[in-house]
Protein chains: 4
Amino acid sequence: MDPHVKHHCGIFGIYGHPDAARLTSLGLHALQHRGEESSGIGTGDNKHVHVHTGMGHVADVFMEPEVLDRLPGHLAIGHNRYSTTGSDTLSNSQPFLAECRDGYIAVAHNGNLTNTSQLRSQMQEDGAIFQTTTDSELILHLIARSKEEHIVDRVIDALQYIQGAYCFALCTEDKLLAVRDPHGFRPLCLGQLGDSWIIASESCALDIISARYIRDIEPGELVVIDANGLRTFSPFEVQRHAFCIFEYIYFSRPDSIIFGDTVDKTRRKLGKQLAIEHPADADIVIPVPDSSNTAAMGYADQSGIKLEIGLIRNHYVGRTFITPSQDTRTTMVRLKYNPVRGVLKGKRVVVVEDSIVRGTTLRYLVRMLREAGAHKVHIRVSCPPIISPCYYGIDFQTENELIANEKNIAQIREHLGVDSLSYLSLSGMLSVAPNTTNQYCTACFTRNYPIPIETEVNKLILER
Amino acid sequence: MDPHVKHHCGIFGIYGHPDAARLTSLGLHALQHRGEESSGIGTGDNKHVHVHTGMGHVADVFMEPEVLDRLPGHLAIGHNRYSTTGSDTLSNSQPFLAECRDGYIAVAHNGNLTNTSQLRSQMQEDGAIFQTTTDSELILHLIARSKEEHIVDRVIDALQYIQGAYCFALCTEDKLLAVRDPHGFRPLCLGQLGDSWIIASESCALDIISARYIRDIEPGELVVIDANGLRTFSPFEVQRHAFCIFEYIYFSRPDSIIFGDTVDKTRRKLGKQLAIEHPADADIVIPVPDSSNTAAMGYADQSGIKLEIGLIRNHYVGRTFITPSQDTRTTMVRLKYNPVRGVLKGKRVVVVEDSIVRGTTLRYLVRMLREAGAHKVHIRVSCPPIISPCYYGIDFQTENELIANEKNIAQIREHLGVDSLSYLSLSGMLSVAPNTTNQYCTACFTRNYPIPIETEVNKLILER
Amino acid sequence: MDPHVKHHCGIFGIYGHPDAARLTSLGLHALQHRGEESSGIGTGDNKHVHVHTGMGHVADVFMEPEVLDRLPGHLAIGHNRYSTTGSDTLSNSQPFLAECRDGYIAVAHNGNLTNTSQLRSQMQEDGAIFQTTTDSELILHLIARSKEEHIVDRVIDALQYIQGAYCFALCTEDKLLAVRDPHGFRPLCLGQLGDSWIIASESCALDIISARYIRDIEPGELVVIDANGLRTFSPFEVQRHAFCIFEYIYFSRPDSIIFGDTVDKTRRKLGKQLAIEHPADADIVIPVPDSSNTAAMGYADQSGIKLEIGLIRNHYVGRTFITPSQDTRTTMVRLKYNPVRGVLKGKRVVVVEDSIVRGTTLRYLVRMLREAGAHKVHIRVSCPPIISPCYYGIDFQTENELIANEKNIAQIREHLGVDSLSYLSLSGMLSVAPNTTNQYCTACFTRNYPIPIETEVNKLILER
Amino acid sequence: MDPHVKHHCGIFGIYGHPDAARLTSLGLHALQHRGEESSGIGTGDNKHVHVHTGMGHVADVFMEPEVLDRLPGHLAIGHNRYSTTGSDTLSNSQPFLAECRDGYIAVAHNGNLTNTSQLRSQMQEDGAIFQTTTDSELILHLIARSKEEHIVDRVIDALQYIQGAYCFALCTEDKLLAVRDPHGFRPLCLGQLGDSWIIASESCALDIISARYIRDIEPGELVVIDANGLRTFSPFEVQRHAFCIFEYIYFSRPDSIIFGDTVDKTRRKLGKQLAIEHPADADIVIPVPDSSNTAAMGYADQSGIKLEIGLIRNHYVGRTFITPSQDTRTTMVRLKYNPVRGVLKGKRVVVVEDSIVRGTTLRYLVRMLREAGAHKVHIRVSCPPIISPCYYGIDFQTENELIANEKNIAQIREHLGVDSLSYLSLSGMLSVAPNTTNQYCTACFTRNYPIPIETEVNKLILER
């Protein structure tokens with residue numbers, strides 16, 4: 001996967017544990033891959049809501065023990081965020097915390113609402129002020145404006161106004177709420193640790209605290225957890241499901257269960273199907289570590305071509321080196337990957353890649369493989385060509401930066417400088433995914449958007 | 001002055017200078033004594049509003065040149081803040097920035113509103129959410145809710161709802177607004193530098209950028225500065241003035257002009273009047289540097305007793321040393337002051353102090369003077385006993401921490417361990433202040449509050 | 001590999017490039033795995049020697065462009081260091097810089113001298129003072145004390161006094177020197193980039209700057225590079241070689257060439273030999289990522305058992321979370337690894353591990369595998385049992401912390417809680433390593449130390 | 001005093017207190033004015049020597065309680081340092097710590113040796129290496145090289161080799177040593193707190209910890225304090241004294257006792273003598289706060305002209321603002337000082353200044369006074385013109401930067417733009433100083449150097 005794709009966000013929540021903030025920090029650590037730029041935790045201790053957010057990885061933001069000490073309480077929500085691509089003017093840290101009629105509420109969000117600009121305008125006309133551009137602040141405004149009396153009814157009321165892809169975790173001083181949109185774009189699961197309830201974007205966040213995976217939060221389900229235990233609500237009309245297939249292809253961790261099945265299993269099947277559709281006359285199969293390891297293993301299994309480690313990934317990169325000279329791009333790829341000459345020399349190599357967005361890094365990787373002695377380089381991609389942006393929470397490029405939108409496959413092959421290039425077919429991809437075919441969102445491959453997109457939002461995203 | 005009195009805030013604004021943010025940082029530096037805990041600047045460049053805030057002194061927050069570079073624009077507002085004494089939950093950084101119907105607006109505030117809890121409740125009932133406890137956020141909510149069309153009218157509309165002591169500076173992407181409450185509790189002046197207009201809490205902020213002092217912003221005056229130049233509005237009914245006499249006694253810098261006259265001149269007169277009312281049979285007069293330097297000079301002039309420097313102040317203290325042992329308090333006073341034995345030995349000493357709040361530091365200072373050989377120690381205070389809290393922007397202690405509220409003068413004298421103790425009389429103080437007597441607020445000496453105080457606010461402040 | 005083994009150090013040097021410091025920072029980045037605690041660079045610009053060192057990863061220490069700007073020059077040396085386990089009293093940052101008769105000299109070192117305490121005592125008797133406990137300072141003292149006139153002769157003179165395992169890189173304002181001990185314990189290679197010469201602990205540091213691997217610096221070779229080009233010296237009597245076999249087993253990166261052959265190839269052969277010696281009745285082979293990936297691949301190839309990814313490593317860990325509760329150890333392992341249930345469930349699993357030092361982490365990993373459903377767990381270790389400390393640069397535990405020194409294989413098997421446990425044999429290991437058998441140091445497996453160890457040093461190391 | 005004069009250093013030592021490091025941090029705080037750039041403490045706990053140094057003020061370096069916790073022991077030495085003006089190459093932090101035959105020794109130094117380059121060359125010829133350019137490292141080399149057996153004899157031996165102005169504090173794990181050069185250039189005093197002995201550059205460091213001033217350490221005296229109590233040695237031939245008169249004029253704090261008398265008293269006499277020699281037809285006398293406060297008070301007393309506070313100093317400046325525009329210099333002066341218009345307007349003003357080095361700041365101050373309405377400005381300087389550099393520890397400019405070396409008084413007067421300018425006479429100055437006239441060093445006024453200066457040192461200093 002191209003490093004140009006910004007990850008989206010990860011959320012976590014726990015109710016009923018004396019060490020709620022610490023367990024949340026661990027859960028967020030397991031979800032670090034869903035957002036590396038900032039991290040935050042909000043807790044409730046029956047009297048107050050406490051929040052701490054900071055830039056950087058979870059382990060950095062919550063490194064000092066004093067920070068967790070300042071987050072007392074038996075319930076907590078947490079958030080990992082990808083880089084703010086919007087205006088620098090407002091701080092978009094999450095959980096978003098504010099005081100309203102109901103007291104203090106903190107909110108964390110994963111996904112992307114599609115009617116925000118319309119809602120913001122309406123509310124601003126009505127006198128509202130906005131301090132961030134997050135969907136979390138928006139939902140909080142809607143909750144605050146609800147005429148219902150009880151907080152659960154107010155949340156349900158607020159949810160009627162919003163459209164798009166979302167999972168929200170909310171906390172008050174004594175309640176944890178979690179909701180997943182009726183299409184179910186983003187994953188959200190429910191777990192248990194002793195008497196404590198946990199919600200998390202992926203089940204790997206349950207594993208790290210030794211919690212049990214219970215089930216997925218259903219599309220359109222609202223879960224409320226407080227002193228009375230867990231209650232579930234279905235405040236929406238039923239909609240066709242639109243699970244993000246990209247979670248299986250790239251985003252989620254292979255050790256997670258999402259949309260009812262393990263990522264590892266599906267990702268491996270994608271590799272196998274790729275081998276069936278697009279065999280290659282080659283000596284070895286190599287992944288681009290670590291994102292396509294599993295798919296490459298599937299490809300190797302199916303094809304009978306030997307799997308090798310032909311690229312070593314340097315995991316120390318965190319902040320990029322300053323490289324003002326002309327060979328910047330090459331250097332950046334070299335900082336991250338190094339070819340294993342002994343493996344590659346004289347070999348016909350199949351590189352299994354999970355997806356291609358801009359293709360820039362892959363182009364340099366190919367050049368590196370050739371310099372290291374690869375005789376032939378064949379690229380096999382475990383998803384179809386990406387031709388259209390995502391408006392549901394994945395920060396793909398604008399259309400004209402997507403290489404498959406600009407070039408046909410022959411042109412991409414030439415651009416990458418490879419001997420052959422093949423993509424997995426749409427039908428092949430869907431045939432191996434769990435659930436039925438029409439339960440997925442495939443808009444980025446088909447332009448077939450499950451929810452209509454606001455023109456303004458479109459423009460905004462395109463202008464970036 | 002006791003170090004227990006938290007300073008209040010300082011504000012600054014400039015319109016029409018290409019280097020607006022840098023000049024604002026200099027202005028805030030000159031106003032540093034009005035708030036040492038955090039600092040912030042907001043600018044407008046005709047297209048956007050930019051804000052940067054940080055903890056610490058102005059020179060620290062805006063040390064890196066990149067920070068000012070990220071604040072482009074020809075207009076700016078700035079704010080120095082004293083420590084947040086309220087809840088830690090919400091961040092109270094200023095200028096407060098938000099987006100509303102009118103676009104982005106930044107607000108900075110000096111003073112204290114007296115009907116905030118009522119207004120917050122009303123607005124929360126109505127669906128508003130609050131991210132801070134600042135009066136700046138409150139005024140912005142009121143502006144956002146106004147049904148008027150033009151921003152100036154909306155501000156005027158909003159001002160009708162608030163009561164208390166305030167000076168606000170607001171900026172949009174192309175306008176600078178400044179307003180002073182109709183009682184005129186806090187000082188605010190207008191200056192000019194070439195074609196640029198400047199507003200500032202004290203005139204010393206004009207001097208540092210070589211701007212000319214033009215006049216005070218009048219009590220109840222709203223000033224609007226934009227591409228059309230400066231316009232002035234009087235949106236309030238006329239009220240009796242209630243200038244904070246404490247600005248002359250302690251807060252403002254001696255080199256400033258406030259309330260129409262120089263602080264130095266008035267402060268010296270307070271010292272002279274003190275000498276007339278309470279002479280002392282002594283060899284030398286010494287100030288507690290630097291806050292009572294000017295008053296001590298007045299006392300010495302009038303009394304004919306020689307002025308000496310009997311205490312050296314160590315200006316290096318910034319963060320206090322960790323002193324867990326029992327002599328903590330003594331050590332902290334010693335860290336800040338050192339007696340000059342050669343000056344004090346065998347002498348009958350008059351110590352002129354500007355005011356006494358808790359008296360703790362003064363008590364240790366007296367002990368130190370005696371150890372250094374002072375034969376007699378007489379305290380003369382250049383204002384009356386402080387018996388009541390301030391609800392208009394000065395963070396005095398709660399009533400039961402004010403020594404003059406608990407003890408009579410004889411008891412205080414005993415507590416301090418001095419040979420004599422005298423305070424300036426109320427009438428004496430007012431007789432030497434500029435303006436007419438009834439133009440001042442003297443509530444902290446008299447409990448005579450010009451504006452009624454909300455019960456809730458009272459309670460809140462008392463509970464701290 | 002157990003995380004208890006501290007890595008040793010990595011060195012780098014370049015001569016003849018206008019961007020010497022920047023290229024050195026990239027080389028050190030590729031060598032980051034050899035020392036994560038601190039990093040430093042020294043440069044020469046024909047007039048001066050400049051040094052900058054700092055705590056943390058290379059990318060952190062040299063993140064600010066100004067830092068590299070302050071390191072001008074056409075020649076540079078660099079150093080990555082593992083944590084100082086010695087006294088906190090003296091700062092052990094490297095490169096070590098000092099001024100002596102020859103002007104400024106900077107020195108960086110990888111390895112461990114075995115007669116330091118004797119040399120230090122002698123020199124201290126003679127009036128020398130020491131500011132660090134590094135071997136780099138010691139060698140500089142010896143150079144400074146040499147009676148020879150020319151710097152090269154002085155270095156040669158100094159080298160006669162020292163014993164042990166070492167690679168030194170030295171720089172003056174206009175010369176780069178590099179030397180490898182006559183036994184050749186630690187790897188050191190020579191590369192070229194255009195007209196520039198490079199020396200590096202491993203060849204992966206050449207790759208990152210697109211330099212060509214030329215050859216190893218020979219055991220006992222001193223290389224001097226200056227305006228006159230590269231000269232080579234052989235200042236020692238020939239000794240039997242004693243290449244550290246652990247570099248092949250664990251330390252060096254698989255994409256490096258050391259001791260004349262690629263690490264990847266040898267490491268894979270170790271896995272194959274392990275499969276020949278110790279087959280297992282199992283369904284899948286899994287590595288402990290990433291250190292035993294290559295050996296596991298060899299085992300799978302040879303055995304015909306399918307390779308799977310049964311453990312996902314979380315690469316975000318950098319600083320450990322604070323985990324004061326009783327399950328600390330489990331949590332720490334969970335922070336780093338997560339089992340893939342779908343892969344493991346019901347399977348008989350061979351875990352290939354590169355080596356076992358204390359066995360603590362492995363024990364928790366085994367427990368985790370079982371909880372994830374593994375039916376049988378067989379450990380296969382790609383080297384013999386480690387029974388004795390290393391005095392030549394690898395910071396193993398003291399003897400009584402080495403599990404194989406305390407327990408026999410049956411006891412270790414029981415301790416780990418596995419169904420079977422087997423180690424590669426010494427002869428098997430040596431049979432697949434490049435070079436002839438007697439060219440290796442195997443002391444940690446055999447207690448057969450190529451160079452006698454100072455009693456004092458022993459004691460010092462044991463006391464730690 | 002011009003801000004261009006870098007302060008020199010301050011030292012402190014204590015023996016026999018369980019809280020030695022903390023008391024040392026307080027003592028260094030009181031000596032902060034003698035060196036603002038870095039600070040360090042070394043302690044001995046009978047077993048080890050511990051050192052911590054850092055950049056910045058004492059309160060910053062020792063802010064974290066953990067730092068002092070890592071400095072156990074009943075004896076300590078401390079050091080405040082001015083900015084390193086020498087090479088950036090070597091770190092010059094003090095106390096300098098190293099291990100030699102005698103174990104660990106830490107050294108701190110105030111002053112400047114005059115034969116260092118010769119000693120360094122000799123020792124380098126002999127094989128020594130230098131890690132700093134400090135005199136502290138040099139003395140430690142000499143101690144290490146002494147053939148004497150006992151540490152006290154070794155120190156005495158080492159002292160025979162050095163010339164110049166110095167006060168050294170040394171500590172081993174169980175001994176505190178302090179020595180003052182036979183000319184006595186720099187002040188050093190002895191104090192007592194209970195059973196603990198203290199040495200300090202100035203007595204104000206005794207006051208802050210409530211210790212008693214006992215006496216000065218005599219010129220040429222070596223004091224050794226250990227479990228046997230305090231012993232005193234006189235290892236030098238008697239020399240004519242050469243007390244630095246500048247300590248009275250500017251450097252030392254007015255509340256200190258140095259060279260046997262209080263600074264305040266002498267500084268005031270300098271002001272009086274200045275008034276006798278150079279009266280002025282003026283309305284007010286003002287100091288340049290705070291350095292000339294005392295002298296101005298003396299001038300006012302003697303002349304009968306009224307003392308006023310005409311300039312307010314802003315004590316918040318720490319780090320200078322970035323001021324790239326052309327009016328940089330003016331801004332920097334405005335950042336530090338603000339005129340009090342009400343005091344100055346229409347007045348004939350005598351500005352008492354303690355000394356003039358380059359005159360740059362004073363020139364801007366004068367301009368500022370005139371803009372504030374001063375009718376006449378007369379400068380009176382409480383010492384003679386400075387015409388020559390100091391080689392004994394005060395970092396004056398090189399000769400051609402000293403304005404009095406380039407211009408005569410009439411020219412300086414013109415340069416400053418004042419109505420009159422007068423300096424105190426040499427004889428007048430010496431007549432009011434305590435001790436006899438020939439006990440002072442007046443080299444900066446007379447070029448009459450008590451100790452000959454190395455040519456190399458001269459050159460080095462001039463080249464800076």
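Residue numbers begin at 1 in each chain, while the letters A, B, ... track the order of the sequences. All figures in this text were calculated on a predicted structure; none of them were measured in a lab.
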Determine whether the side chains of B:Ser291 and B:Asp354 contain a donor N or O and an acceptor N or O closer than 3.5 Å.
-> yes
Polar side-chain atom of B:His29 near backbone of D:Leu335 as donor-acceptor pair, under 3.5 Å | yes
Side-chain donor or acceptor of B:Asn80 paired with backbone N/O of B:Leu28 under 3.5 Å | yes
Check whether any side-chain N or O of D:Glu202 sits under 3.5 Å from a backbone N or O of D:Leu31 as a donor-acceptor pair, and report yes or no.
-> no
Checked D:Thr294, D:Ile257, D:Val263, D:Leu307 vs chain B; the most non-hydrogen pairs under 4.5 Å come from D:Leu307
Which bit of B:Asp290 is near chain D, if near means a heavy-atom gap under 4.5 Å: side chain, backbone, both or neither?
-> side chain
Segment of B:Glu308 engaging chain D (4.5 angstrom heavy-atom cut-off) = both
Does the ring centre of B:Phe62 sit less than 6.0 Å away from the ring centre of B:His52?
-> yes
B:Arg313 versus chain D, the contacting section by heavy-atom distance below 4.5 Å | neither
Do you know which of D:Asp261, D:Ile309, D:Val343, D:Asn293 has the most heavy-atom pairs under 4.5 Å to chain B?
-> D:Ile309
When B:Ser256, B:Ser210, B:Ala30, B:Ala300 are compared by non-hydrogen pairs under 4.5 Å with chain D, the top option | B:Ser210
Are the side chain of D:Thr43 and the backbone of D:Pro72 linked by a donor-acceptor contact shorter than 3.5 Å?
-> yes
Are side-chain heavy atoms of D:Tyr248 and D:Pro434 found at a separation under 4.5 Å?
-> yes
Heavy-atom pair count under 4.5 Å with chain D, highest-scoring of B:Ile209, B:Thr262, B:Ile208 | B:Ile208
Side chain, backbone, both or neither: which part of D:Pro289 has a non-hydrogen atom closer than 4.5 Å to chain B?
-> neither
Of the listed B:Asp264, B:Asn338, B:Ile312, B:Val340, the one with the largest count of heavy-atom pairs under 4.5 Å with chain D is B:Asn338
